[in-house]
Amino acid sequence: MMEKTYNPKQFEDKLYKEWEEQGCFKAVRDDKKVPFTVMMPPPNITGQLHMGHAMDETLQDVIVRFKRMQGYCALWLPGTDHASIATEVKVVEQIKAEGLSKESLGREAFLERVWQWKDKYNARIVNQLKKLGSSCDWSRLTFTMDEKCSKAVREVFVNLYNKKLIYRGSRIINWCPCCKTALSDAEVNYSEEDGFFWHIKYPVEGEDAFLEVATTRPETMFGDTAVAVNPADGRYKRFIGKNVLLPVLNKPIPVVGDEHADMQFGTGCVKITPAHDPNDFEVGLRHNLPVVRVMNDDGTMNELAGEYCGLDRYDCRERLVEKLKQENLLVKVRPHVHNVGHCYRCGATVEPIVSKQWFVKMEKLARPAIDAVIDKKVTFVPERFAKIYYNWMENVKDWCISRQLWWGHRIPVWYCQDCGKEICAKVDPNICPVCGGKSLSQDEDVLDTWFSSALWPFSTLGFPEDTSDLEYFYPGDVLVTGYDIIFFWVARMIFSGLEHMRKVPFRDVLIHGLVRDEKGRKMSKSLGNGVDPLEVIEKYGADSLRFSLLQGVAPGNDTRYSDAKVEACANFMNKIWNASRFVISNVEGKTVKPISEVKLSHADKWIISRLQSAIRDVTLALNKFEFGIACQTMYDFMWSDFCDWYIELVKPVLYGGDEVKRAAAESVLTFVLQNALKLLHPFIPFVTDEIYRYIPGTNGTVMTQEFPRYNSKLTYKKDAQAFGGITEIIKAVRAAKTELDCPPSRKVSLYIVTESKRLISANQESILKLAGAKEINFITEAGEAGEKVVTKVVSLGTLYMPMGDLVDLEKEKIRLEGELEKVTAEIRRADGKLNNQGFVSKAPKKLIDEERAKLDKYIEMRQKIVNQLKTL
RNA sequence: GGGAGCUUAGCUCAGUUGGGAGAGCAACUGCCCUACAAGCAGUGGGUCACAGGUUCGAGCCCUGUAGCUCCCACCA
């Protein structure tokens, strides 16, 4: 016996455990099956899953369950990411609260702490994924710092190094003074900030003249090694080759002519600080300028800043400006809005700084990765995201992969203390291969997190070993992720797959939007508007949450989370629950015949036909990753067709005395419910499986059943369509009663003029029950129904309902006139179309025929209404 | 500076080969009818941002305009 109310808590955990124990999620190579591979984007171990994850995981789970039911060998490989910088920031915060620091702990002890952190959050994330119902293969759970991932990272690093695609060099990088590490370009977020333009005098050496330089960062002045003017700039041309004196330091620096100086912008004179600005760095290279770094790693000024040494960059700025003012070198200060880069993890203002770092040379890697998308070896869904990808890939600069952090994959490079040789090796070297020296020290830095993420599609399957899994499951089929990490991750997986596996890592990239809060804001910690998926599951159940994240969402679009939406979905779950309870209570303990062995009524055929449409539409939608459409289709089928119509239609049959008809109804109810549950299962796995087990004749879980297939033999086109006429009659009677304020409980008599007597007779009971009527009389003309009647014209004929005193003939006349007007408008519309030469000659024949049929129908209806009006 | 998305019912949003505008929530009316009041039946509500164009036909395709959001690049 099913419980009376839908209570997900009673079965969600139980079912998950069972699935897991029975090995339902396990993907083992099976050469009789076609593999279908989805690699879970490994969530960061920085915290717990948020709504965005919940959506991401749900989408993947739907796809995987769908494919698994379709008979694929479906692998959904789960994992978590060590998230180098993000996690390190978190753990540093944590130990700071204990009065400790990274440095005081030392590398080893610190890493010990991070591993503890990892264990805690990894477990939490796994638990959350399970709560959501994720059907991933837990036996393959991978952490990006697992042995196998480390091996893959080593392999790839060394290979790229040997191919000279990884190099070490001094370049301008983004430096986070707070995390004290280099960042890649992708890890910097720019935002507009109000700042100032300081106009500073640089006196010309040996002349009573000066160049006015405008800068937004005066404190970098100490690192100036030139002033640039445009060679075509008449104002300053003559100074090129001369020196100016750097204020405060009174150090002579040359004036150079360079296109970089924009004559229209600022004063036309640019201070050149190669060590602290990417453009200036380039200018410096062109003019062979020295690179003078004036800042320390923590954002304070170094000894080259003279008296400002040790000061924070902003304090230095303030004092320096003050000094310039005193020395009369400050011309003016103008407010200026400019874009400032921030660290994507801690938010601190990043400082472009010259630094010796490791880089991946992108040029050769990018081209094939671009071509792979052009050649459709990888397809972005929706397509528009390919553009974003191209744009980034085509302009990509070399990738800075070294991080001055402790948590992460250590760079596999050693330096010989004796001969200075740099050794890059897959296995830790003991002696220097050149001089045999034994004092080797490993590079202190770790790799960018995304370096290991980029290998995820194959490192998880055993690369660099030639494993059977790799052969079978690689490349993956679909990668599901948000548009925010196309650059970080998707792009890098594509070029890595091509470079190291010679094959793209996946066929489709399904990009989804962000989950926002009720007001459309991004969910974030600082706003405190995040909603914890676990809390929602606790309150409404995982199925409701899942459905709410899928429903009404267009591919790639952002969506809003709201409790109201989840509540509406919970109502749907409740609806499914109760409808199922109804069906099961009627068939429990019985042997139900297959529908092929019973005589089907019009209503039976109609609902089976509707089911076929639903199966077809859901399958089509899922194949195109249109989850919103799939949900809507199922919702309508389940709620409107099955519950509101079919179950109501079947009640008189079940409660009537005809055993044969009853048996047929039971067959159909069972058949439809069973199929509907299968159809719904990928979306709402828990409730469907819980119910499925109560259906007589089922054995075990629904998740291993075959996904329903559209069967054209079960569409019963003619009968199903004919049944539409019956529902029309029922609706007409209901509407008439409401219009007349007739209580639903009051049964009316129906008089019908029709040419479809047989059809209506066959469905008489349904009409009586659902319309709230007591009898149906077939008549040949209106008069037979009496005087005080309400008239409804429907496709199958004209309905008359004598309603006694409830009928106000005047009102009835007005109402009919209104209907006449509507029908006339329809006739005008159809007529206009059919009289349009263009339409008739160019529109598809099917459409024209349909339009003709409509016109005929409306003309007939108009005639009936006119006749009726005459009698009033 | 370049690019993308959005603008449809009071609210949140669907609407994918161009062929009579939809859902949920809210509102209104009436109903506890043995699956479900977390429900049932019925009703109202939209020049589909604006202006042009293509087409027999445009919410959908093209051009432009406005507002909002986002991404990339960047001005020292």
Side-chain angles (χ1 to χ4, degrees), chain A residues 2 4-6 185 190 197 213-217 220 228 260-262 264-273 277-280 283 336-339 382 384-385 387-388 390-392 395 483-484 486-487 513-514 518 520 522 548 551-560 562 564-565 567-586 620-621 624 626 628-629 631-632 635-636 643-644 647-648 651 655 730-731 734-739 741-745 769-772 826 829-830 833 836-844 846-848 850-851 854:
Chain A
M2 283 174 74
K4 267 208 166 132
T5 50
Y6 166 66
D185 294 339
Y190 288 88
F197 232 161
V213 166
T215 179
T216 53
R217 298 191 306 152
T220 63
H260 169 63
D262 182 348
Q264 315 300 326
F265 190 82
T267 60
C269 302
V270 198
K271 66 199 259 319
I272 301 299
T273 325
D277 182 279
N279 288 312
D280 292 4
V283 176
H336 180 69
V337 180
H338 59 148
N339 256 342
R384 65 173 186 269
F385 290 105
K387 256 191 185 174
I388 296 180
Y390 290 137
N391 183 46
W392 190 76
N395 298 299
Y483 55 67
D484 47 339
I486 292 176
F487 310 134
L514 267 37
E518 251 155 314
K522 240 183 190 168
S548 78
Q551 201 192 26
V553 178
N557 282 11
D558 289 353
T559 179
R560 291 188 198 198
S562 77
K565 215 187 268 177
E567 217 171 300
C569 292
N571 289 349
F572 181 47
M573 300 309 132
N574 185 55
K575 190 74 182 174
I576 294 170
W577 183 267
N578 278 295
S580 306
R581 200 159 60 86
F582 172 82
V583 174
I584 286 159
S585 69
N586 275 290
L620 282 174
K624 291 189 277 180
E626 284 160 3
I629 290 173
C631 285
Q632 194 59 45
Y635 188 96
D636 290 343
C643 294
D644 291 345
I647 287 185
E648 294 306 322
K651 278 179 185 172
Y655 303 145
I730 294 166
K731 282 187 201 171
R734 285 168 171 175
K737 285 171 87 172
T738 306
E739 280 157 19
D741 283 330
C742 167
S745 52
K769 178 80 192 335
L770 268 63
E826 288 301 331
R829 191 192 57 78
K833 256 190 165 174
N836 182 329
Q837 201 44 47
F839 179 76
V840 179
S841 62
K842 290 184 180 167
K846 191 180 159 214
L847 211 71
I848 298 169
E850 275 172 23
E851 210 56 53
K854 280 183 212 163

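Below, chains carry the letters A, B, ... as their sequence lines are ordered, and counting in each starts from 1. Reckoned from all heavy atoms, side chains included, excluding hydrogens, waters and symmetry mates.
Judged by atom type and distance alone, N339(A) reaches the base of C74(B) through a side-chain donor-acceptor pair under 3.5 Å. Not a single donor-acceptor contact under 3.5 angstrom links the side-chain atoms of E626(A) to the base of A14(B).
With distances taken from any side-chain atom of F839(A) to the nucleotides G30(B), G42(B), G19(B), the minimum falls on G19(B). Out of G19(B), C36(B), A35(B), the shortest distance to the side chain of K651(A) is found at A35(B). For Q632(A), the side-chain atoms get nearest to A23(B) when compared with the rest of A35(B), A23(B), G42(B). Set against G24(B), C36(B), A41(B), the side chain of Y635(A) has G24(B) as its closest nucleotide. Comparing G30(B), C71(B), G42(B) by their nearest atom to the side chain of K522(A) picks out C71(B).
In this structure a side-chain-to-backbone donor-acceptor pair under 3.5 Å is present from K737(A) to P744(A). The closest donor-acceptor contact from the side chain of D558(A) to the backbone of L514(A) lies under 3.5 Å. Between the side chain of N395(A) and the main chain of N391(A), a donor-acceptor pair closer than 3.5 Å is present.
Among the atoms of the strands shown, base atoms are found under 4.0 Å from some heavy atom of K854(A). As judged by a 4.0 angstrom heavy-atom cut-off over every strand, Y190(A) is placed among the base-contacting residues. Among the heavy atoms of the strands, none lies under 4.0 Å from K624(A). Within 4.0 Å of C742(A), counting heavy atoms only, lies no atom of the nucleic acid at all. Base engagement by A843(A) is indicated by at least one non-hydrogen atom pair under 4.0 Å involving a base atom. The residue D558(A) sits apart from the nucleic acid: no heavy atom pair falls under 4.0 Å. Counting any heavy atom pair closer than 4.0 Å across all strands shown, I584(A) reaches no nucleic acid atom. Here D277(A) lies out of heavy-atom contact (under 4.0 Å) with every strand. Across all strands, G552(A) comes closer than 4.0 Å only to sugar-phosphate atoms, never to a base (heavy-atom distances). Across all strands, N836(A) comes closer than 4.0 Å only to sugar-phosphate atoms, never to a base (heavy-atom distances). P743(A) comes within 4.0 angstrom of no nucleic acid atom, judged by non-hydrogen atoms across all strands. Using a 4.0 Å heavy-atom cutoff across all strands shown, E648(A) reaches at least one base atom of the nucleic acid. Counting any heavy atom pair closer than 4.0 Å across all strands shown, R829(A) reaches a base atom. In this structure, F572(A) reaches neither bases nor backbone, as no heavy-atom distance under 4.0 Å exists between it and the strands shown.
Base pairing annotation: A27(B) forms a Watson-Crick or G-U wobble pair with U43(B), both donor-acceptor distances under 3.5 Å. The partner of A9(B) is absent, by the rule that a Watson-Crick or G-U pair needs both atom distances under 3.5 Å. Pairing for U17(B) is absent, judged as Watson-Crick or G-U wobble with the two contacts each under 3.5 Å. Across the strands present, U34(B) finds no partner; the criterion is a Watson-Crick or G-U wobble pair with both atom distances under 3.5 angstrom. Nucleotide A4(B) has U69(B) as its partner under the Watson-Crick or G-U criteria, with both atom distances under 3.5 Å. Pairing for G64(B) is with C50(B), a Watson-Crick or G-U wobble pair whose two hydrogen-bonding atom distances lie under 3.5 Å. The nucleotide U55(B) finds no pairing partner, because no Watson-Crick or G-U wobble arrangement with both distances shorter than 3.5 Å includes it.
For the pair R560(A) CZ and A14(B) C1', the interatomic distance rounds to 15 Å; values are reported in whole Å. Y655(A) has its OH atom 11 Å from the C1' atom of C33(B), to the nearest Å. Rounded to an integer number of Å, the gap from CD1 of I486(A) to C1' of C71(B) is 9 Å. In this structure, F487(A) atom CZ and A4(B) atom C1' are separated by 11 Å, rounded to whole Å. Whole-Å rounding puts the N586(A) CG to C36(B) P distance at 12 Å. If you take NE2 of H338(A) and P of G1(B), they are 19 Å apart, rounded to a whole angstrom. For the pair I388(A) CD1 and G5(B) P, the interatomic distance rounds to 9 Å; values are reported in whole Å. When the C1' atom of C72(B) is taken as reference, atom CZ of R384(A) falls 16 Å away, rounded to whole Å.
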| request: Assess whether side chain to side chain contact (heavy atoms under 4.5 Å, CB included) is satisfied between F582(A) and I647(A), documenting all intermediate values. | output: CA-CA 9 Å; F582(A) 172 82; I647(A) 287 185; 3.5 Å; yes

| said: As a quick check of understanding, evaluate side chain to side chain contact (heavy atoms under 4.5 Å, CB included) for D644(A) and K575(A), giving each step before the final call. | reply: CA-CA 10 Å; D644(A) 291 345; K575(A) 190 74 182 174; 4.2 Å; yes

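Nearest heavy-atom pair across V283(A) and I272(A) is CG1-CD1, 4.0 Å. When all heavy atoms are compared, the tightest approach of A228(A) to A261(A) is O-CB, 3.8 Å.
Distance noted for atom C1' between G19(B) and G24(B): 27 Å (whole Å). As rounded to the nearest Å, G5(B) and C62(B) have P atoms that lie 10 Å from one another. The separation of G10(B) from U69(B), taken at their C1' atoms, amounts to 23 Å, rounded to a whole angstrom. Only the C1' atoms considered, U34(B) is 37 Å distant from C11(B), to the nearest whole Å. Comparing the same atom, C1', in A37(B) and in G30(B) gives a spacing of 14 Å after rounding to whole Å. Taking atom C1' in both C32(B) and C68(B), the straight-line distance is 47 Å, to the nearest Å. Here, C61(B) and C48(B) have their P atoms 16 Å apart, quoted to the whole Å. U47(B) sits 14 Å from A9(B) when the C1' atoms are compared, rounded to a whole Å.
The side chain of N557(A) contributes no N or O atom lying less than 4.0 Å from OP1 or OP2 of U69(B). Between K565(A) and the phosphate of C13(B), there is no side-chain N or O to OP1/OP2 separation shorter than 4.0 Å. When the side-chain nitrogen and oxygen atoms of Y390(A) are compared with OP1 and OP2 of C71(B), none of them lie within a distance under 4.0 Å. Contact check, K387(A) against A4(B): a side-chain N or O comes under 4.0 Å of OP1 or OP2.
Ring planes of Y483(A) and F385(A): parallel class, angle under 30° (limits at 30 and 60°). Taking the six-membered ring for Trp and thresholds of 30 and 60 degrees, F572(A) and Y635(A) have ring planes inclined between 30 and 60 degrees apart.
There is no side-chain donor-acceptor pair under 3.5 Å between E567(A) and N571(A).
Map N571(A) and G268(A) each onto its nearest nucleotide of RNA chain B; the residue landing nearer the 5' end is N571(A). Each of A568(A) and I629(A) lies near RNA chain B, and the nucleotide nearest I629(A) is the one positioned closer to the 5' end.
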